[in-house]
Amino acid sequence: MSRLYGDPIEVWVRDGRPVRFVWRDRLYVVRQILDHWVVAREWWKTSAADPGERRFWRVEAQSGTYELRYDTATDAWLLLRAWD
C-alpha cells in the first residue's frame, strides 16, 4: 500500500540521478532506481530557459520504496509517495 505526501525534500544527485535524500530529518540512501520518467508541462507554460519538465524517480532506499519528483521550473524536489 502507498501513501501520498508531497513533502519538500533535499536531494543529492550524481550523474543526474538521485543518490540520497533527506525527508523529515532522516537521511535515505538510494539503493536502486526502479523507474524514471519525465512529464512535460503544457507548451504555453514553457520557455527557452525552462523546458517545463517534471522528472520522476521511483527509488528503493534502505527502508522502503519512494517516488521523488524534481520540478525544473522551481528547482525543487518533493517526496510524492512512499510504499509500506
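No experiment lies behind these values; they were computed from the predicted model shown.
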* Asked: From Thr72 OG1 over to Glu53 CD, what is the distance, rounded to the nearest 0.5 angstrom?
  -> 5.5 Å

* To do: Enumerate the residue pairs fulfilling salt bridge (charged side-chain N to carboxylate O under 4.0 Å, His left out) with a member in residues 12-21, sequence neighbours excluded, ordered by first and then second residue.
  => none

* More than 12 non-hydrogen atoms from neighbouring residues, nucleotides or ligands closer than 6.0 Å to CZ on Arg24, yes or no? -> yes

* Side-chain heavy atoms of Leu79 within contact of Leu68, under 4.5 Å -> yes

* Asked: Can Val11 be reached from Ile33 by stepping across I, L, V, M, F, W or Y side chains whose heavy atoms are under 4.5 Å apart?
  -> yes

* Please confirm whether the backbone N or O of Arg58 pairs with a side-chain atom of His36, one donor and one acceptor, at under 3.5 Å? => no

* With respect to Tyr66, which candidate in Trp83, Trp77, Tyr28, Tyr5 satisfies the ring pair (Phe, Tyr, Trp, His ring centres under 6.0 Å) definition? -> Tyr28

* **Closest approach of Gly6 to Leu78 (non-hydrogen atoms, all atoms of both residues)** => O-CD2, 3.7 Å

* Transitively linked via ILVMFWY side-chain contacts under 4.5 Å: Leu4 with Ile9? -> no

* Asked: Distance only, no hydrogens: is a donor on one side chain within 3.5 Å (strictly under) of an acceptor on the other, for Trp57 and Asp35?
  -> no

* Structure fact -> Note: Val38 and Arg55 closest approach over all heavy atoms is CG2-CG, 4.1 Å

* Structure fact -> Hits for side chain to side chain donor-acceptor pair (under 3.5 Å) against Ser2, two or more places apart or cross-chain, chain-then-number order -> Arg81

* If you group Ile, Leu, Val, Met, Phe, Trp and Tyr by side-chain heavy-atom gaps below 4.5 Å, do Val19 and Leu34 land in one group? -> no

* **Non-neighbouring partners of Arg69 that pass salt bridge (Lys or Arg N to Asp or Glu O under 4.0 Å), sequence neighbours left out** => none

* With hydrophobic residues grouped by side-chain heavy-atom distances under 4.5 Å, do Val13 and Val59 end up in a single group? -> yes

* **Ring centre gap for Tyr70 and Phe56 strictly below 6.0 Å** => no

